[in-house]
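Inspection log for the structure reproduced underneath, given as structure tokens.
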Amino acid sequence: MVTEAELALKVHEFLQSSDLKKTTNNIVFKKLEADFGVNLSDKKPFLRQQVDRFLQSQYPVSDDDDDDKLVLEGHGYDVVSDDDDDDDDDDDVGYYDAVPLFNKLKSVGKLDRHVPQNKEKTKRVCLSGKYCTLSPELQKFLGVPHMTRTEVVKQLWTYVKDKSLQDPDDGTTIICDETLRDLLGVDSITILQINKALTKHIIPRVKPLKGDKLWKEEKEEDVKPLKGDKLKKQRKEDEVKSLSKDKQRKQGREADMCGDETQEKRQRKVLSGFLAPLPLSDTLIRFLGTGETALTRPEVIKRVWKYIKNNRLQDELLGLVGEPDTDPVFKNHGLNMDVLSRSGETQEGALTYTPRLVSVNYQGTLGSMSSGGTLYNQIPDLPPSVATWRGSLSVQHSQRQRRNLFLQRLYDEEKIQPSGVENGHAGSQDDNQDMNIVQSLENDVHFWTDFSKVHYHPQSIYEVNGLWMDGQEFNNYGAGKDVFSEGFRGEEMNERLRFFLEECDHIQGIQFLVDDSGGFSSVAENFLQNIADEYANTPVMLFTVRDPRSHMCSTSRKRNISRDLHDAVSFAKLSPLCKLIVPVGLPSLGTISSYLRVNDAKPYHCSAVYAAALHSLSLPFRMDLSGPASTSSSTYGALDFNEIVQTLSGQNRQNMVTILDTTIPAPYLTGKPSEEPILGNLQPLTPEVSEGAEDMHSVETLVINGALQSEGHRASVSEVQQAISAAYGQAVLRPRFCHLSVATCPLPIPLPFPTIFSDTVSQSGQLLGTPNPDCVLKGSLDVHSIPMAARLRSSSAVLPFLSNRLENLRKLGIQRGALGGELLKTWGFGREEVEDMGETLAKMVRALDPSSDTSSDSD
């Protein structure tokens with residue numbers, strides 16, 4: 001068995017002694033197969049990645065030929081070779097073609113470090129915007145053989161409305177008539193179950209409709225879905241036709257490139273190497289805009305990177321890679337940014353880099369940003385259509401919010417950026433303007449978009465139609481219970497999630513964040529239920545996040561009862577729909593570090609702390625190399641998403657409630673004599689956690705990034721390992737198991753970051769002395785990066801959090817004469833369902849404390 005570490009070492013050794021103008025991927029593959037004596041077909045993507053790394057290390061792509069590197073592993077401009085997978089043909093001709101590259105960028109889905117190679121086993125899905133073949137039963141119901149998934153749901157919903165099939169007592173339940181009963185096979189069904197019921201009736205087409213045209217344009221009379229041997233035969237025929245077309249295209253290209261076949265053969269080995277000038281496709285020539293028809297691979301990557309930097313298309317770490325005076329640690333961070341972000345292209349051909357994100361908001365919470373995001377400004381915001389209402393309409397308009405100073409400068413810089421890649425950066429930043437921007441952010445942030453510098457894809461932002469921001473009215477579980485199921489809201493949210501999931505080659509998992517202090521808890525429950533139905537094997541890690549202001553006690557007894565019941569109901573309903581749940585949100589963040597001054601009344605401040613912790617937690621499943629023993633100078637202890645979940649929740653007692661701890665900024669690795677080291681400085685962001693709880697079965701995953709030694713220099717991976725191992729050895733309370741992940745790259749502090757650091761935090765995050773409570777605070781202009789540590793732990797220390805919710809549910813909702821009984825009825829809960837929620841919470845308590853008495857008083 002050949003390990004990836006051995007393969008990587010052999011690739012680098014071979015390329016160092018090779019002529020890169022003649023060496024190709026095929027030559028590398030054959031050389032390694034000969035050396036190891038094994039078939040390496042399944043390792044080709046990994047080997048290509050190692051070739052990319054070698055080329056990037058030997059041929060940097062900075063503007064000034066310094067040590068800058070482009071980190072676009074697996075998604076850069078690869079040499080396209082028709083014979084790349086043909087082991088018997090070494091005479092491959094390379095050329096650059098932007099069309100397959102752009103298609104590749106659109107379908108990037110590396111949510112895992114390795115893409116499955118057996119494409120025959122890849123699940124065939126019907127893309128939400130593509131026409132699919134319908135089952136005979138559904139064809140009979142709709143009268144057409146093909147339709148998009150979205151249109152099928154809309155037609156079914158229209159039928160239900162027209163026939164008045166909704167249960168008058170529960171609008172989310174459909175009472176099936178004879179027609180629907182024959183189609184769905186049930187007497188009644190909820191709106192959330194429709195998608196799952198229709199799956200067997202919606203069949204992906206083996207042969208796509210030409211140009212995605214409407215089914216009518218094909219003039220097909222009787223179309224039946226292919227099954228069994230016929231399906232296999234059709235797939236084989238399509239594969240043969242595809243290979244035939246590829247061969248014709250190859251022959252055509254070869255004829256265009258060289259008319260003389262003999263001359264072409266002589267030139268092949270010269271043109272196919274990694275550093276040989278390669279002909280460019282017409283699309284790439286137009287993109288570069290210089291008229292050049294041939295360039296080397298590193299030069300193309302250099303031009304593309306320059307375009308990305310000029311147009312601010314990268315995330316913060318990738319942006320730091322391109323700065324000439326940046327800390328070298330940012331250039332070799334060893335992280336795969338494509339796990340949480342995706343490459344794409346606008347209709348005008350501009351490259352984009354956007355987060356894999358679906359954000360659900362009230363209407364009116366986007367500030368100056370359009371619901372279509374910031375990349376497609378030519379698409380106007382259209383009002384929702386109302387097809388079933390014939391009465392008068394009331395239209396509510398709100399003025400578009402003006403950009404604050406920070407957003408306006410970003411907008412102005414992008415506006416003056418030329419479209420060509422040969423142009424330089426925008427003008428130098430003015431220090432006075434930076435100070436004004438910092439002041440503006442501290443005093444003029446009203447929406448989360450006011451401090452967001454990221455571009456969003458139009459599918460990422462969803463405003464709930466008709467639900468305007470009113471926290472006073474939308475402050476309990478019952479207020480949002482029908483939001484997801486009303487109209488097409490649920491399907492529209494699912495559609496946006498489906499857009500991102502279906503473009504992925506392999507899904508590691510889903511991080512789900514919800515503000516569970518109000519009505520969005522019930523919206524999240526319905527959304528998660530749909531995810532569980534459609535993506536049953538995809539692990540979900542749920543973060544229930546709260547603003548410190550939500551912990552404020554009210555003088556109204558009724559409101560306090562409502563809040564306590566909401567907390568219990570929300571946690572009981574959400575927890576069964578995920579593999580791991582992490583409660584986040586303290587009554588005050590002012591106590592988590594003496595080096596921070598967080599204003600609890602400003603969500604702008606609180607979100608920075610939470611985001612910093614979540615950034616660190618995501619590092620293990622974004623590391624390039626897999627396995628805790630992988631050799632890397634910048635990272636250690638990579639885990640994929642599912643491994644993290646299983647480590648924390650898959651132990652013998654099956655606890656799924658996890659505590660989040662962090663230290664920001666992290667102290668020196670070993671600590672000064674008067675200070676505790678990193679482990680002693682970790683503070684919980686999870687509320688109602690008992691301090692000093694001894695748990696012999698606790699399990700932890702600890703992430704440390706950018707750690708500093710007491711002298712102020714960056715600690716190496718091995719130094720962090722040794723220090724943490726020694727710290728656990730000396731600890732009085734030790735976990736049963738702890739997995740350590742290390743990244744040498746610290747947390748970047750970009751301009752929107754709030755001014756919350758004390759005056760003793762240096763530019764690189766060193767802690768220079770005891771903080772002065774009355775000091776002048778520092779922000780992103782003074783502090784450029786900080787070391788971080790974050791930990792998830794499965795421990796009985798979370799028992800007070802669970803016990804309080806169980807006690808409140810029993811006292812206020814289950815006991816006879818409970819004060820909140822009537823309130824729960826208005827939220828749509830009967831006594832039996834409330835008792836089920838109590839049992840759910842009781843099981844979580846028993847998992848951590850089997851000896852606890854969790855029997856219900858109502859028994």
Side-chain angles (χ1 to χ4, degrees), residues 1-62 65-96 113-114 264-279 294-302 305 321 328 331-332 334 336 624-627 629-635 717:
M1 182 70 181
V2 183
T3 65
E4 290 186 350
E6 292 174 327
L7 289 174
L9 181 62
K10 198 69 175 179
V11 168
H12 285 245
E13 289 178 352
F14 177 63
L15 292 179
Q16 283 175 347
S17 60
S18 301
D19 184 355
L20 298 182
K21 291 186 177 180
K22 297 180 180 179
T23 304
T24 65
N25 279 324
N26 268 342
I27 293 176
V28 175
F29 298 154
K30 288 184 177 181
K31 171 65 175 173
L32 266 63
E33 285 183 334
D35 289 349
F36 290 106
V38 295
N39 187 337
L40 298 175
S41 299
D42 60 329
K43 295 293 185 181
K44 284 187 176 182
F46 173 78
L47 294 176
R48 289 193 185 98
Q49 187 183 64
Q50 297 308 310
V51 171
D52 285 341
R53 284 186 180 174
F54 177 83
L55 294 176
Q56 290 169 15
S57 65
Q58 298 296 314
Y59 302 93
V61 292
S62 69
D65 295 329
D66 55 12
D67 293 331
D68 292 348
K69 297 177 184 177
L70 171 63
V71 184
L72 291 176
E73 293 180 5
H75 307 297
Y77 280 79
D78 292 335
V79 175
V80 179
S81 170
D82 294 301
D83 299 321
D84 194 43
D85 294 328
D86 186 358
D87 292 336
D88 298 326
D89 186 359
D90 195 26
D91 297 331
D92 48 2
V93 177
Y95 72 101
Y96 276 122
R113 286 179 291 277
H114 304 292
E264 174 194 354
K265 289 183 177 180
R266 287 200 304 267
Q267 292 181 348
R268 277 183 175 181
K269 292 187 182 294
V270 177
L271 291 176
S272 59
F274 295 122
L275 299 185
L278 301 175
L295 287 173
T296 65
R297 174 180 180 166
E299 182 62 25
V300 171
I301 296 177
K302 178 179 178 179
W305 178 235
V321 171
K331 301 179 183 180
N332 303 288
N336 183 2
D624 282 332
L625 298 178
S626 59
S630 298
T631 56
S632 171
S633 61
S634 55
T635 59
V717 168

Smallest separation among heavy atoms of [X] and [Y], with atom names:
{"X": "Ser18", "Y": "Thr23", "result": "CB-OG1, 3.4 Å"}
{"X": "Asn39", "Y": "Glu33", "result": "OD1-OE2, 3.4 Å"}
{"X": "Thr635", "Y": "Val717", "result": "N-CG2, 4.0 Å"}

Atom pair NZ/OG1 of Lys30 and Thr24 - distance to nearest 0.5 Å = 8.0 Å

How long is the span from the CD1 atom in Ile27 to the CZ atom in Phe14, to the nearest 0.5 Å?
-> 6.5 Å

Residues that Asp35 engages under salt bridge (charged side-chain N to carboxylate O under 4.0 Å, His left out), provided they are two or more places apart = Lys10, Lys31

Taking C-beta and beyond as the side chain, do Leu47 and Asn25 meet within less than 4.5 Å on heavy atoms?
-> no

